[in-house]
Protein chains: 2
Amino acid sequence: MVTLAEVAQHAGVSASTVSYVLSGKRSISANTRQRVEQSIRELGYHPNAGARALASSRSNIIALMIPLRTDMYVPVMMEIAIAVATTARTHGYDVLLLTGEEGPDAVRRVTGSGLADGMILMDVELDDERLPLLRDTDQPAVLIGLPADTTGLTCVDLDFKATGALCAEHLATLGHRDVAVIGEAPAVYERHTGFAERTLDGLRSRGRELGLRLLHRPCEGGYDAMAVTLARILDERPGTTGFVVQNESAVEPLLALLRQQGRAVPEDVSVVAICPEQVAVQASVRLTSVAIPAQEMGRHAVEHLVAKLDGRGGDEVVLLAPELTVRASSGPAPAQ
Amino acid sequence: MVTLAEVAQHAGVSASTVSYVLSGKRSISANTRQRVEQSIRELGYHPNAGARALASSRSNIIALMIPLRTDMYVPVMMEIAIAVATTARTHGYDVLLLTGEEGPDAVRRVTGSGLADGMILMDVELDDERLPLLRDTDQPAVLIGLPADTTGLTCVDLDFKATGALCAEHLATLGHRDVAVIGEAPAVYERHTGFAERTLDGLRSRGRELGLRLLHRPCEGGYDAMAVTLARILDERPGTTGFVVQNESAVEPLLALLRQQGRAVPEDVSVVAICPEQVAVQASVRLTSVAIPAQEMGRHAVEHLVAKLDGRGGDEVVLLAPELTVRASSGPAPAQ
DNA sequence: ATAGGTTGTCGAAGCGCTTCGACAGCTTTC
DNA sequence: GAAAGCTGTCGAAGCGCTTCGACAACCTAT
């Protein structure tokens, strides 16, 4: 293993000079710099991460805490995680993957040990048990998701309330009156995950203004659960012509069921989904949808965290504006 | 920040004693141990990760390199990643998330800097460019996937050849003769990802023995691509009654298309999928499938790596035996 | 009773790096 | 032409921990 000292000797300078070449924290003559860089290359030197962390009390690692739940649509998580990892690298950080398994203890462990310089928390609940800890230790952190109380916290999320409103508007404009909302699994609501409730809130308040009759039903993913849910909905509101689907694993089953019942999309029934672009495009009917900008959320989270670590910028809540893309699954409400 | 020295002082012992209490590498009297543990708790001490890594040249971190590709089904990746993270924790390791972005450089960086003690590589290609590096540096590593040359490497994977054979057997036993294989996206084959080719190999060799007529067609995910692929298949082999699907994002489109064409599953046509359990169970028809044991793969990978890091166990190729679960999508071939 | 083992603890060295203060050798300024 | 300011480099201290050898204190066997 090659050390700084060896590089220094090889280049005929002192260790501190090599260090300054590497960090750029003091000016170094072009000549010296080149000699040092040359030696680094020749010897294949890589700074030792541990030593660096010890001496500088900076690990250049960001911890990413992802939840360990099975009732959430995972691809979105993955997309965010990958966006976080790649963005972090462009800022010189690596990413440590923590699962919800450990819960709040993970926050303590990482904070206490200096393993990571800051953390990003995904799938934050309205009243998340990790938040008090975060505030206490004033560990630099960014949340993806929106808790009830955001004081002293930096959060990034899609504006789900606006998302709900957007869906309501779209369907109302097309003349739909009876609209069913296929929500996330019941567990998601019980856990008070903010985004599900906020979407509903947006749908309801804008829906009311526009004279929509909304019927909200949580739904586990999958074909069977969707069949039951749909039956109940049509039983209760036979005149339903619009659907807003938030649970992605209910999308395809819904389309299949509607087809099976002879309800044509979009002629008889319109469907709006809240899901990643890819899902909307690959579905059996190209879906009118509001995209969940996973990549953007991951990128934003990292960039805010890095800013904090650099002492720039403070607490802030960033809500990304939703965008609705009209595709083939929505159209004018059928004449009565 | 509380240091070892402070704990030592508080407990009235020397620093080394505290260290030995923590590591258990020397015997400590019950009395002293308790005093030290008490102090640790009272002061809320957490060992500094950097200092530890520097002194012991062990970071207690495992690097997990996941590919950054969009043509692979991501949920499986996610499942593996989570399994890796949780298993690693039970062995006292944390997980560093690397994306394929950096490519082989990431291997160099991590190896050189001592950031991680070992690595797990996912989505290994038959002739992966990271492998020479791995062998050179003899960085402890475990691959998930199977390269062409496994000498000096430890690999964990589903036995895809046996998987293919199993699917062939199942359909042959049911009396099917013309079987179409819906493969992964063409890019996957071009890249020579082992698992796709091995599955095909298993299907072909066992299929030949059993007198199956196989038609293999790569397929991008999604409805449109599947529609084109299916049309070509049925054009070429109108008598096709069996389907083996390896690309999960083609499963639901295929079912929808078959339904649409009035081909009943499983009465007219049988479908066998190679996919995670969850997908098989949630599909619009409960799918006969060979499960991809993502969790198990992740767990195995970590356990082998940890064994290596402890100096136990050597190189080894572990192929998990596939299991085919019969569900509602396969049945006897229709009478001619 | 004495040599030889154990057991439990300590002190000190050192892991590879960052960073601070010092300072030699310049250039600028009045 | 002396005072003041830059620039570029160095030496040394120290980050918090692990680990090795040393060594008291005690316990066996002979």
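Letters A, B, ... mirror the listed sequences (proteins, then strands); counts begin at 1.
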Shortest non-hydrogen separation from B/Cys155 to B/Thr150 and the atoms involved:
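Scanning both residues, the minimum pair turns out to be SG-CG2, 4.1 Å.
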If you compare all heavy atoms of B/Leu22 against all heavy atoms of B/Tyr45, which two are closest, and at what distance to 0.1 Å?
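Shortest heavy-atom separation between B/Leu22 and B/Tyr45 comes out as CD2-CE2, 3.8 Å.
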Can you sort out the partners of A/Ser27 under side chain to side chain contact (heavy atoms under 4.5 Å, CB included), two or more places apart, ordered by chain and number?
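If we apply the side chain to side chain contact (heavy atoms under 4.5 Å, CB included) test to A/Ser27, skipping adjacent residues, there are no hits.
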Mind checking side chain to side chain contact (heavy atoms under 4.5 Å, CB included) for A/Ile66 and listing every partner two or more places apart, or none if nothing turns up?
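In terms of side chain to side chain contact (heavy atoms under 4.5 Å, CB included), with neighbours along the sequence ignored, A/Ile66 is linked to A/Leu64, A/Leu97, A/Met122, B/Met78, B/Ile82.
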At a cut-off of 3.5 Å, list every protein nitrogen or oxygen paired with a nitrogen or oxygen from nucleotides 23-26 of chain D, distance to 0.1 Å.
none

With the side chain counted from C-beta on, respond yes when [X] and [Y] share a heavy-atom pair under 4.5 Å apart, and no when they do not.
{"X": "B/Pro67", "Y": "B/Met77", "result": "yes"}
{"X": "A/Leu158", "Y": "A/Pro293", "result": "yes"}
{"X": "B/Leu96", "Y": "B/Met119", "result": "no"}
{"X": "B/Leu146", "Y": "B/Leu319", "result": "yes"}

Donor-acceptor side-chain pairing of A/Ser14 and A/Thr17 below 3.5 angstrom:
yes
Compute whether any side-chain donor of one residue and acceptor of the other, for B/Gln38 and B/Glu42, lie under 3.5 angstrom apart.
yes
5' to 3' on DNA chain C, which nucleotides open and close the contacts with chain A (atom under 4.0 Å from a heavy atom)?
C/dG16 to C/dA22
Can you give me every donor-acceptor pair (side chain of residues 297-307 of chain B, partner residue at least two apart or in another chain, under 3.5 Å) with its distance?
unit_1: B/His300; atom_1: ND1; unit_2: B/Glu296; atom_2: O; d: 3.2
unit_1: B/His304; atom_1: ND1; unit_2: B/His300; atom_2: O; d: 3.2
unit_1: B/His304; atom_1: NE2; unit_2: B/Glu316; atom_2: OE1; d: 3.4

For DNA chain C, determine which residues of residues 16-24 of chain A have any heavy atom closer than 4.0 angstrom to one of its atoms, and list them numerically.
A/Ser16, A/Ser19, A/Tyr20
Using side chain to side chain donor-acceptor pair (under 3.5 Å) as the criterion, list what pairs up with B/Ser29, not counting sequence neighbours.
B/Thr32
I need the full list of side chain to side chain donor-acceptor pair (under 3.5 Å) pairs touching residues 88-100 of chain B, with sequence neighbours left out, sorted by first then second residue.
A/Glu102-B/Arg89, A/Arg109-B/Asp94, B/Arg58-B/Tyr93
Any pair with a residue in residues 133-149 of chain A that passes side chain to side chain donor-acceptor pair (under 3.5 Å), sequence neighbours left out, goes on the list, sorted by first then second residue, please.
A/Asp149-A/Thr151
May I ask you to decide if A/Lys25's main-chain N or O and A/Ser23's side chain share a donor-acceptor pair within less than 3.5 Å?
yes
What protein N or O atoms touch nucleotides 6-8 of chain D N or O atoms at under 3.5 angstrom, if any, and at what distances?
unit_1: D/dG8; atom_1: OP2; unit_2: A/Ser27; atom_2: OG; d: 2.6

Can you pull out the residues from residues 42-57 of chain A that lie within a 4.0 Å heavy-atom distance of DNA chain D?
A/Leu54, A/Ala55
When you look at CD of A/Gln9, are more than 12 heavy atoms from neighbouring residues, nucleotides or ligands closer to it than 6.0 Å?
no
Degree of bending in the helix from C/dA1-D/dT30 to C/dC30-D/dG1 once both end axes are built from five pairs, to 10°
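Axis angle across the helix from C/dA1-D/dT30 to C/dC30-D/dG1, nearest 10°: 30°.
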Short N-O contact, B/Asp105 and B/Arg130, less than 4.0 angstrom:
no
